[in-house]
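Note that the structure is a prediction, hence the values are computed from the model and not measured.
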Amino acid sequence: MSYHLITIQQSTEWIDCVCAAVNYDFYHTWHYHALEKNGEPILFVYKEDDVFIALPLLKREINKSGLFDLTSVYGYSGPISNLKFRDISEQLLERFKQSFLAFMKVEGYICLFSRLNPFIDQKVLVEKIGGLVDNGKTVYMDLSVSLEEQRAGYEKRLARQIRQLRKMPYHIKQAGTDKEIRLFTAMYTENMLRLGAGKRYFYEEKYFMELLKSNREECKLILIYDGEEMICGAVIMCAGNVIRNHLSATASAYVQYSPSKLLTDEISVIGRQLGKQYFHLGGGLEGKEDSLFKFKYSFSRLLLEDNTWRFVSDHQVYDDLVKERNDSRNVNYFPLYRVPALSIK
């Protein structure tokens, strides 16, 4: 077994490994995993000569049973390597597979869930192991074209609204104080309550403080003000060749004016200034083509596959855990024994 594990306490080793990858995202970084409270972060690393394949994961106990499974952080992670996966030999990929299967068995992990990154050719590897699942489409902008060409691709109504918003006496800036982070946290929390968001979408002020203050400029908080009043904001991630809107919010009194449309357009401008190639807008909730997806699609018709990795290593134990939930419905949730209680009717 040619693998080893890097723990969250081994920050230097984790950072060095991720930075050596040919393509990675903020969701792979040590800093992002160090903020995680819903599992024990580990970095699985398979190395052979001068080639490595690494996979960041979260170890979770299953209902205080002494059994464990693996998942990924919120966002687009999955495996990374210092070579493009399509350039790695079939033989090495096969040896990685055997090493990974041995890891799952020896360490006693029942299953694994990971959301894959649409800008990394991870399917080449995951298809070899099994468990690749289609999760719909995800929207992105190509920042290599001119800004004029990009905006010409907006839906006409959207383009008109953004032009009108640009004429408003709004001020756009990057947050620079603890007070601004505090005010954004309050606005974000109120936004999530208004939307009736699930528990996993809520974050404390400490989370935003730590996310924005110790990450080598890979995260920024961009805000829109109407005079002295904060009306909209977004935490953006800038790692690799992709910029993305990680978490955003709009003040209740300004929802009707849709300043988030102006903010989205502005993030694309910031991405260009930072030399990024793509602005990833993401998809709909749970992969659906819902109102959130349609909002993003109004900015760009460029789509990528959105895939998840759902791998079961011990089918017998997995099936027993599902039976214990006494829920035989065929729902799109994985692992099924963790389906939220509110989803079971």
Side-chain angles (χ1 to χ4, degrees), residues 1-6 13-30 32-33 39 41-59 69-107 109-138 140 239-242 278 280 283 287 303-315 318 334-335:
M1 294 180 291
S2 302
Y3 72 83
H4 67 278
L5 302 179
I6 297 175
E13 291 88 341
W14 191 306
I15 292 169
D16 288 346
C17 182
V18 171
C19 289
V22 69
N23 197 357
Y24 71 91
D25 208 309
F26 190 81
Y27 297 120
H28 295 99
T29 64
W30 175 88
Y32 189 58
H33 281 81
I42 56 174
L43 185 65
F44 173 90
V45 182
Y46 175 84
K47 195 168 190 305
E48 190 173 309
D49 297 326
D50 58 350
V51 179
F52 75 82
I53 299 173
L55 176 63
L57 297 163
L58 300 176
K59 175 183 178 181
D69 60 15
L70 297 165
T71 190
S72 58
V73 291
Y74 173 71
Y76 301 88
S77 56
I80 54 176
S81 174
N82 59 332
L83 293 180
K84 292 182 178 180
F85 288 110
R86 62 176 177 269
D87 294 335
I88 299 176
S89 71
E90 285 290 320
Q91 294 79 12
L92 195 152
L93 291 177
E94 179 61 32
R95 289 191 291 271
F96 169 86
K97 172 184 176 180
Q98 296 307 320
S99 182
F100 178 76
L101 294 178
F103 157 72
M104 293 289 288
K105 182 177 181 180
V106 171
E107 302 289 340
Y109 295 118
I110 307 307
C111 62
L112 172 151
F113 173 88
S114 179
R115 191 166 189 181
L116 301 183
N117 192 303
F119 294 95
I120 305 175
D121 58 337
Q122 298 162 331
K123 284 179 62 176
V124 175
L125 179 67
V126 174
E127 285 177 332
K128 204 162 190 62
I129 299 171
L132 184 71
V133 176
D134 179 6
N135 195 50
K137 301 293 183 182
T138 185
Y140 75 99
N241 61 358
V242 179
Y278 305 110
H280 188 206
L303 300 175
L304 290 170
E305 291 182 4
D306 186 12
N307 294 297
T308 60
W309 187 9
R310 308 180 183 193
F311 177 74
V312 178
S313 59
D314 191 325
H315 287 274
Y318 179 86
F334 187 88

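A donor-acceptor distance shorter than 3.5 angstrom exists from the side chain of S72 to the backbone of R115, with no hydrogens or angles considered. Of the possible donor and acceptor atoms, one in the side chain of N117 sits under 3.5 Å from a partner among the backbone N and O of F119. Here the side chain of W14 pairs no donor or acceptor atom with the backbone of P56 at under 3.5 angstrom. At least one donor-acceptor pair under 3.5 Å links the side chain of K47 to the backbone N or O of D49. Listed for the S81 side chain is a donor-acceptor partner under 3.5 Å among the backbone atoms of F52.
Aromatic rings of Y76 and H280 (six-membered ring for Trp) have centroids within the 6.0 Å cut-off, being under it. For F311 and Y318, the ring centers are positioned 6.0 Å apart or more. Outside the 6.0 Å centre-distance limit, the rings of F100 and Y46 are not counted as a close aromatic pair.
Under 4.0 Å is where a charged nitrogen must lie from a carboxylate oxygen, and between E305 and K123 at least one such pair does. Taking 4.0 Å as the cut-off between side-chain N and carboxylate O, D314 and K105 do not count as a salt-bridged pair. Looking at D121 and R86, a side-chain N of the basic residue comes within less than 4.0 Å of a carboxylate O on the acidic one, giving a salt bridge.
Using a 4.5 Å heavy-atom threshold, the side chains of P79 and F85 count as touching. Contact of the W30 side chain with the V18 side chain is not registered, since no non-hydrogen atoms from C-beta on lie closer than 4.5 Å. Inter-residue side-chain proximity for F26 and V242 is flagged as unmet; no heavy-atom pair is nearer than 4.5 Å. For the pair L132 and W309, the minimum side-chain heavy-atom distance is 4.5 Å or more. Counting heavy atoms from C-beta outward, I6 and I42 have side chains that stay 4.5 Å or more apart. At a threshold of 4.5 Å between non-hydrogen side-chain atoms, the residues V133 and R310 count as touching.
Distance check: D25 CG to N241 CG gives 8.5 Å after rounding to the nearest 0.5 Å. Summarising the geometry, atom CG belonging to L43 is positioned 6.5 Å from atom CD1 belonging to I80; distances are rounded to the nearest 0.5 Å. Taking CG of L57 as the start and OG1 of T71 as the end, the distance is 8.5 Å to the nearest 0.5 Å. Taken to the nearest 0.5 Å, the CG atom of L116 stands 12.5 Å off from the CG atom of L304. Between atom CG of residue L93 and atom CD of residue E127 there is a gap of 11.0 Å, rounded to the nearest 0.5 Å. The structure places CG of L58 at 8.5 Å from CG of L70, a figure rounded to the nearest 0.5 Å.
The salt bridge (Lys or Arg N to Asp or Glu O under 4.0 Å) search around E94 returns K128, not counting sequence neighbours.
Nearest heavy atom pair, residue V45 against residue A54, reads CG2-CB, 4.2 Å. In plain terms, the two heavy atoms of L112 and L55 that are nearest each other are CD1-CD2, 4.1 Å. For the pair G78 and Q122, the tightest heavy-atom approach, listed with the atom from each and the gap, is C-NE2, 3.3 Å. Across every non-hydrogen atom of T138 and G283, the tightest pair is OG1-N, 3.6 Å. Nearest approach of S313 to C111, heavy atoms of both residues: OG-N, 4.0 Å. The two residues P41 and H33 make their nearest non-hydrogen contact at CG-O, 3.5 Å.
Using a 30° and 60° split on the angle between ring planes, Y3 and F103 fall in the perpendicular class, above 60°.
Side-chain contact of N135 with N307: a donor-acceptor pair under 3.5 Å is absent, judged by distance alone.
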